[in-house]
Each structure stands twice: as structure tokens, then as C-alpha cells.
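Below: one structure, written as C-alpha cells.
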Amino acid sequence: MSDKKLPFSKEKIEDIIKLYPTPFHIYDEKGIKNNVRNFINSFSWNKGFKEYYAVKALPNPFIIKMLHQEGTGIDCSSMAELIIAEKCGLKGEEIMFSSNDTPAEEYVKARELGAIINLDDISHIDFLEKVAGLPELICLRYNPGKLKEGNAIIGKPQEAKYGFTRDQLFEGYKILKEKGVKRFGLHTMVASNELDPNYFIETAEIVFSLIVEISKKLNINIEFANLGGGIGIPYKPGEKPVDMKKVSSGIQECYNRIVVGNKLSPLKVFFESGRAITGPCGFLVSKVLHIKNTYRKYAGLDSSMANLMRPAIYGAYHHITVMGKEVSKCRLFHYDVTGSLCENNDKFAINRLLPEMLPGDIVVIHDTGAHGHCMGFNYNGKLRSSELLLRENGEVKQIRRAETMDDLFATLDFNGLTDFK
Ligand SMILES: *Cc1c(COP(=O)(O)O)cnc(C)c1O
């Protein structure tokens, strides 16, 4: 049972707000380290196991450096993410480049860093060869189509834009082998925010069986199975975190039966988990600006969907705590908790039963450590907030400052207005 705890008290967060005004996202270093250590330890049976943290989930270099020190690689999918990898000191096969619809310069950069390139489409074999040359190690991304049920966020695999069909995979490895590529990997990712451990075990089974088939048919050596990300987290009270021990032992059973049974070990198992590592360890801290009573009760915050998009775009549940107001001891009302965008879906919660709020109350939105700050945008000229790191020793470090109006207008030339007629 997850009980939606916070890593700070009301007094502590009030002290932090004195130094760093709301809104901000704050990340719990201890929680992130625990998560990544547990994750990696669960797979200690697999020699060569590696977690490539999906940098898009929380692309802050301080977090990436921390995770790298814990032994993760990183999974990138754009130029900016490759640059973050480089700046954080990652290189070579510590970087997985799982892009799609990829611009030439990104392949060039990935090659320059020696990243493992994970091709999304068969046509990219020629494209990569032309723009950056083929490396000695290449991974192909498999889309199992109707073989596998999808889920709400990622959709049905056969409708997803990612990856090779099964036939294209065989064709792709064959072409690469003929072109002299020596080392291979296979990637698949068919879930997003999935809480059922069996889902990942079934995926591993599909991938391992396919690796056996491809290796035998084409006589190539596939070094690793990259099982992607998509491990869910308990956003709602009462949901259970994914039991990684169960996922791991289920995958180990498939590994022994399929990979070892067909004499194909060692095969390295990789993951590209983002959400499960940092998601539960981030919190968006805001203050109530206004309470509005019309046909409903509205609590208007000093943050908006520019700071956290998930509720507005996926209808996602994010737990909300009003600091110092225990649900069991307060009068409760149904609130829509809103931001200030001129968009009626700028709501963090709809009809949520919460303690009675007043302007100035501190409101904490849980589980913003993945796909939170980074999804932010500037519609209505709203600025993205700062990011803080709550260190293990209780200190707080600002790891990104808040945007300013100057940042927002940096791409405009107001002086040019003078002689514009
Ligand atoms: C988004 C993404 C991930 C991470 O997904 P999570 O749900 O954060 O674990 C991993 N790999 C690829 C290719 C992705 O696009």
C-alpha cells in the first residue's frame, strides 16, 4: 500500500520557500538513490545488466550525474539529450540513442559520442550509413504489433509509430550483417506506466524467443535485450509499486528456459526506465493564490499546467497534499485545483476532496519527478519553475533556476519594432 509520504515537514518546506519562492519542483536525493539501487540490485543475476535512465523523464544534469555515479547509463532521443549525456561525462556504450524520425545531425552526434544506436526503422540503415557511417554495434527496435496488448498511454503497438515489424527485423539484421556490422542488440518498448509485473515478464519472453529465432536463422550474435521503460508508479493512494523482485525473477525464469536453454547466454538485459526511478521522488510545491466559489469551488495555485502537464493531457491523477492540514482533522470540500492559463483543462485535480484551503496555503503535488518539469511549456507566457534537490543531509541545492521574462523574450528583438512600419 502506498501512503503518499513526503520527504519533508511543513516547517522544512516553509524554510525552503523563504529561500526559493514557489512554485518549484523539489527532488528527493535519498529516494532516487534507493530506487535506482533497488532496481539494479534486483537484476544482479544477469551479468552485464544495465539500466539506461531515460533522460527525457528528468533531464537535469545534476540528477543524471547522480544516477551515473550509481552505475546507470542514459537513454537519449534527441540532440539536447545527447549533449546532456556528454556534459555529464557519459560516453560510448553508456549512452543508448533510441530516437525516431531522426535528423542526420543527431546520428552524427551519437556516432561522435560512441553511443549505442537503436534504429527505429529499416530505412534508417541506409540513412545512418550515408550521414554518419555504420558503427560496429547496432540495436534494432521491435514493434510486436498485434502480438502484444498496449496500454492507454502508449496505445496499441500496431498503431504506435515506433519500431520495425517482425519481418523487417529479420531483413534489417541480414542487411546489417552483409554490411559488416558485427555486434547486435534488440530493443522493444510496448508499455507506459504499467503496474502489472507480468507485463514485463511476457515482454521479455517475446523478446528472448525472437532473439533465439533471429540468432539461429541469421547466424548472428545478439549481445543484449533492451526491454525499454514503461514501469509504472503508484500515482494513486492504494496502488502498489511494481514488485521488481517479481519482475526480475520472472525474467530470470524466461532467461534460463529460453536463452540458456538454447545456448545463447550470456545475453545482457537492459532497461530504459525513467518514471520508476525518479517519478515518486519529485514534488511540485505551490501556494494557493485565490479561492473562488462559483458553480464549484476552485483553488487557484501559483503554478499551472506549464509546470506539470500530465493531468491536463492524460487526465492523470497526481496526489495533492495541503501542508499542515490533515485530511482526518479538517473540514473537506470538493475542489478543482487550477492554474492560471486561459485553458479550462489547466487543472491539477477535478472535484477532489481536500481540506479547506485559504490563500497562502502550501500545496504539494506528488510524483512529479518524471515527465514533470521537462514537459513544461510557455503558453500564455508562463515561465518554467526552478528545480531544487533535497540532499541526503537535508541541505537544499537549486539545480535549475526559474525562467525569467528575459529568457522568455530572448528570441525576440523588441528594438526592431522601432523602424518596423
Ligand atoms: C519514454 C521512454 C522511456 C522511458 O519511459 P518511462 O515510462 O519513463 O520508464 C524509455 N525508452 C524509450 C525509448 C522511451 O521513449
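Just so you know, ligand 1 is whichever comes first in the structure, and atom 1 is the first atom listed for that ligand. Quick note: residue numbers are just sequence positions, from 1.
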task: Indicate yes or no for a side-chain donor-acceptor contact from Asn100 to the backbone of Asp120 under 3.5 Å, with no hydrogens or angles considered.
output: no
Near-ring test Phe283/Tyr27, centroid separation under 6.0 angstrom: no
message: Under 4.0 Å from a heavy atom of Arg141: which atoms of ligand 1 are those, numbered in the order shown and with their elements?
response: 13 (C)
- prompt: Relative to the heavy atoms of Arg275, which atoms of ligand 1 are at a distance of less than 4.0 Å?
  reply: 6 (P), 7 (O), 8 (O), 9 (O)
- prompt: Phe333 ring centre to Lys297 NZ or CZ under 6.0 Å, with the angle to the axis within 45°?
  reply: yes
- prompt: Purely on distance, is any nitrogen or oxygen of Glu272 under 3.5 Å from one on ligand 1?
  reply: yes
task: Examine the proximity of ligand 1 to Glu194 and report which part, side chain or backbone, both or neither, has a heavy atom under 4.0 Å away.
output: neither
message: Under 3.5 Å between any N/O of Ser98 and any N/O of ligand 1: does that happen in this structure?
response: no
task: Give yes if a backbone or side-chain nitrogen or oxygen of Gly274 is under 3.5 Å from a nitrogen or oxygen of ligand 1, and no if not.
output: yes
query: Of Leu264, Val207, Ile222, which meets side chain to side chain contact (heavy atoms under 4.5 Å, CB included) against Val212?
result: Leu264
- prompt: What are the atoms of ligand 1, with element, lying closer than 4.0 Å to any heavy atom of Ser273?
  reply: 9 (O)
task: Distance to 0.1 Å, residue and atom name: give those for the protein heavy atom nearest to atom 6 (P) of ligand 1.
output: Gly230 N, 3.5 Å
task: Tell me whether the guanidinium CZ or amine NZ of Lys268 lies under 6.0 angstrom from the six-membered ring centre of Phe49 and within 45° of its axis.
output: no
message: Check contact between Ala370 and ligand 1, using heavy atoms of the residue and a distance below 4.0 angstrom.
response: no
message: Is it the case that ligand 1 has an N or O less than 3.5 angstrom from some N or O of Lys56?
response: yes
- request: May I ask you to establish whether Arg310 and Tyr235 are in a cation-pi arrangement, using a distance under 6.0 Å from NZ or CZ to the six-membered ring centre and at most 45° from the ring axis?
  value: yes
query: Would you say the ring centroid of Phe208 lies under 6.0 angstrom from that of Tyr255?
result: yes
- prompt: So is Asp75 polar-close to ligand 1, meaning N/O to N/O under 3.5 Å?
  reply: yes
query: Is there at least one pair of N or O atoms, one from Ser192 and one from ligand 1, spaced under 3.5 Å apart?
result: no
- prompt: Regarding Arg352 and the six-membered ring of Tyr317, is the cationic atom NZ or CZ under 6.0 Å from the ring centre and inside 45° of its axis?
  reply: yes
- request: Report, in ascending order of atom number, the atoms of ligand 1 lying under 4.0 Å from any heavy atom of Ala54.
  value: 3 (C), 4 (C), 10 (C)
- line: In Lys382, Arg401, Arg400, Arg384, the residue satisfying salt bridge (Lys or Arg N to Asp or Glu O under 4.0 Å) with Asp407 is Arg401
